[in-house]
Protein chains: 2
Amino acid sequence: MPKETFIKLKKEKKKQITDAFLREFAVKTYDESSISMVVKQLGIAKGSVYQYFNDKLDLFMYLVNESVAVKSKYTESVTREDYPDFWAFFSALYEHGFRFDDENPLHSHFLHNLTQNLNSPSIKHLYNELLSQVVTGFEKMVEYEVEKGLFRSDIPVKTQGFFLYKLGISIQEQLEVSGVINPRESIEKKQPVYFGKKNDLMQVVADYIKLAKPAFDKN
Amino acid sequence: MPKETFIKLKKEKKKQITDAFLREFAVKTYDESSISMVVKQLGIAKGSVYQYFNDKLDLFMYLVNESVAVKSKYTESVTREDYPDFWAFFSALYEHGFRFDDENPLHSHFLHNLTQNLNSPSIKHLYNELLSQVVTGFEKMVEYEVEKGLFRSDIPVKTQGFFLYKLGISIQEQLEVSGVINPRESIEKKQPVYFGKKNDLMQVVADYIKLAKPAFDKN
DNA sequence: GATAAATGTGACCATGTAGTCATATTTATT
DNA sequence: AATAAATATGACTACATGGTCACATTTATC
């Protein structure tokens, strides 16, 4: 948690500092990211950062929580009940995710880099926690579908949940590998991750759904 | 490539050095892995390492090539034609992979860590190359199946290939997340990655195949 | 056994970082 | 205006690493 001093900061400055660090952590690994560099860019003293946060990890956690909170505002309105099947729901999550990306490029870049780049040794613990949360979330969804008789019941929920999680990761990763998106470039141009690529994104989502549907659906 | 000096080394010493570095790189990230530490363990001078290899990356590449070569000896005998369908072939790859693991614990641990832990910033380039090779391999397999009319033709080969690759990763990762295997512990006990866990491994493989089969198979 | 070639060595350099702290500066309170 | 409280500062510490190189030691050659 940030210290009092940071919370009491003027909105302007708080945003400047947050953005600068988001930018750094969005492009590099946790370990690679350098506080020394960012303060140089910001034109503030390194000591100030330690007036705001206990240490590097504290600062990082703040960025994670902030970003997750902002994204949640976009996705929490999406509920399974409003969609005819899981896949329409799944697709809708990406639609809303796209809006989040468009309106909060920095937070989006940060989260994108986090999910693709999780295993910095120093934050392995944090990674495992986040992973476990996300995977558990997917398992809950699978459970729901199985109970409703919509997903297969002959495969362990854990297997289905984990694979579903991997499906989400794969979509992002494939877009990157195939060159459709280039986060490194787009962040420099101050553009969102999926800038002008909504169709490509939704197409890949559709492809993966078409592929995965028969694996999960009963019959 | 290792220097002449390393190649001319006595088998014994060569193995000692290789093993020590495999052990280090099997437990840590590329960046985390410390040459200084390993030479201390080996009781040799740091300068010697630079008599054997050009630099850290050269040393690492040697370990990668070595390990891949050793593993290939186990898997190259497995050919698609010898199996009734892709999934039997896929499963057989794991069977032979298990033997590789059992007979070459260190190389196996190294490769296992490599695939789960690829994104050290300094080797991003190497990672992308390896990834691209592996993914292309899977795409070839998919193409073969599509041509034979065994895999669906309504999904881009790239999507299927990439997802198949992710399937392989998922199997390993899930075994680790669920605690069935614990590479960190087993390497310390000088045990292979899947020591005594052949049944669990093949069960998860079977689960994933059962799950994924309908996604890929034509009807 | 003497000379030459090949190896081994470890102190040392350059580099980079997270985090500290005494001090200076700014802001709030009386 | 004077005092007190809150912030900002940046030189400095402690640490760790990859890589170098002049020199010592071992091995091969004559």
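Every chain is numbered from 1 and lettered A, B, ... according to where its sequence line falls, protein lines coming before strand lines.
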Between atom [atom1] in [X] and atom [atom2] in [N], what is the gap in whole Å?
| X | N | atom1 | atom2 | answer |
| --- | --- | --- | --- | --- |
| A/L42 | D/dG10 | CG | P | 13 Å |
| B/K3 | C/dA5 | NZ | P | 19 Å |
| A/F53 | C/dT20 | CZ | P | 15 Å |
| A/E4 | D/dA6 | CD | C1' | 12 Å |
| A/I7 | D/dA6 | CD1 | P | 15 Å |
| A/F60 | C/dG19 | CZ | P | 14 Å |

Margin query: Closer than 3.5 angstrom, by distance alone: can the side chain of A/Q160 be matched with the main-chain N or O of A/I155 as a donor-acceptor pair?
Written below: yes
Margin query: So does A/Y50 get a backbone contact from the side chain of A/K3, meaning a donor-acceptor N/O pair under 3.5 Å?
Written below: yes
Next item on the list: Report the residues that fulfil side chain to side chain contact (heavy atoms under 4.5 Å, CB included) with B/E139, sequence neighbours left out, ordered by chain and then residue number.
Entry: B/V135, B/V157, B/K158
Note to self: Applying a 4.0 Å non-hydrogen cut-off, can you work out what B/T5 is touching in the nucleic acid: base, sugar-phosphate, or nothing?
What the structure shows: sugar-phosphate
Check: How are the rings of A/F25 and A/F110 set relative to one another: parallel (under 30°), tilted (30 to 60°) or perpendicular (over 60°)?
Finding: perpendicular
Notebook entry, point to check: C/dG8 phosphate, OP1 or OP2: any side-chain N/O from B/Y52 under 4.0 angstrom?
Noted result: yes
Margin query: Quick check on C/dG8: is either OP1 or OP2 less than 4.0 Å from any side-chain nitrogen or oxygen of B/K13?
Written below: yes
Next item on the list: Indicate for each nucleotide in nucleotides 21-26 of chain D, in 5' to 3' sequence, whether protein heavy atoms under 4.0 Å reach the base (B), only the sugar-phosphate (S), or nothing (-).
Entry: ------
Margin query: Return a single string for nucleotides 24-30 of chain C, one symbol per nucleotide in 5' to 3' order, where B is base contact, S is sugar-phosphate-only contact and - is none, cutoff 4.0 angstrom on heavy atoms.
Written below: -------
Item checked: Shortest non-hydrogen contact between B/S33 and B/K56, atoms and distance -> O-NZ, 2.8 Å
Note to self: Minimum heavy-atom separation for A/K46 and A/V39, please, with both atom names.
What the structure shows: CA-CG1, 3.9 Å
Using nucleotides 14-17 of chain C, report all nitrogen or oxygen pairs with the protein that are shorter than 3.5 Å.
{"residue": "C/dT17", "atom": "OP1", "partner": "A/S34", "partner atom": "OG", "Å": "3.0"}

Check: Which residue pairs pass the salt bridge (Lys or Arg N to Asp or Glu O under 4.0 Å) test with at least one member in residues 20-37 of chain A, sequence neighbours excluded?
Finding: A/E24-A/K28
Donor-acceptor pairs under 3.5 angstrom involving side-chain atoms of residues 61-78 of chain B: please list them, not counting sequence neighbours.
{"residue": "B/Y62", "atom": "OH", "partner": "B/T18", "partner atom": "OG1", "Å": "3.4"}
{"residue": "B/N65", "atom": "ND2", "partner": "B/M61", "partner atom": "O", "Å": "3.2"}
{"residue": "B/E66", "atom": "OE1", "partner": "B/H107", "partner atom": "NE2", "Å": "2.9"}
{"residue": "B/S67", "atom": "OG", "partner": "B/L63", "partner atom": "O", "Å": "2.8"}
{"residue": "B/S72", "atom": "OG", "partner": "B/V68", "partner atom": "O", "Å": "2.9"}
{"residue": "B/Y74", "atom": "OH", "partner": "B/E103", "partner atom": "OE1", "Å": "2.6"}
{"residue": "B/Y74", "atom": "OH", "partner": "B/N104", "partner atom": "ND2", "Å": "3.0"}
{"residue": "B/T75", "atom": "OG1", "partner": "B/K71", "partner atom": "O", "Å": "3.4"}

Next item on the list: Verify the neighbour count for atom OH of A/Y83: are there more than 12 heavy atoms of other residues, nucleotides or ligands below 6.0 Å?
Entry: yes
Margin query: Nearest 0.5 angstrom please: B/Y94 OH to B/I171 CD1, how far?
Written below: 3.5 Å
Next item on the list: Using ring pair (Phe, Tyr, Trp, His ring centres under 6.0 Å) as the criterion, point out the one residue from B/F21, B/Y30, B/F53, B/Y127 that pairs with B/F60.
Entry: B/Y30
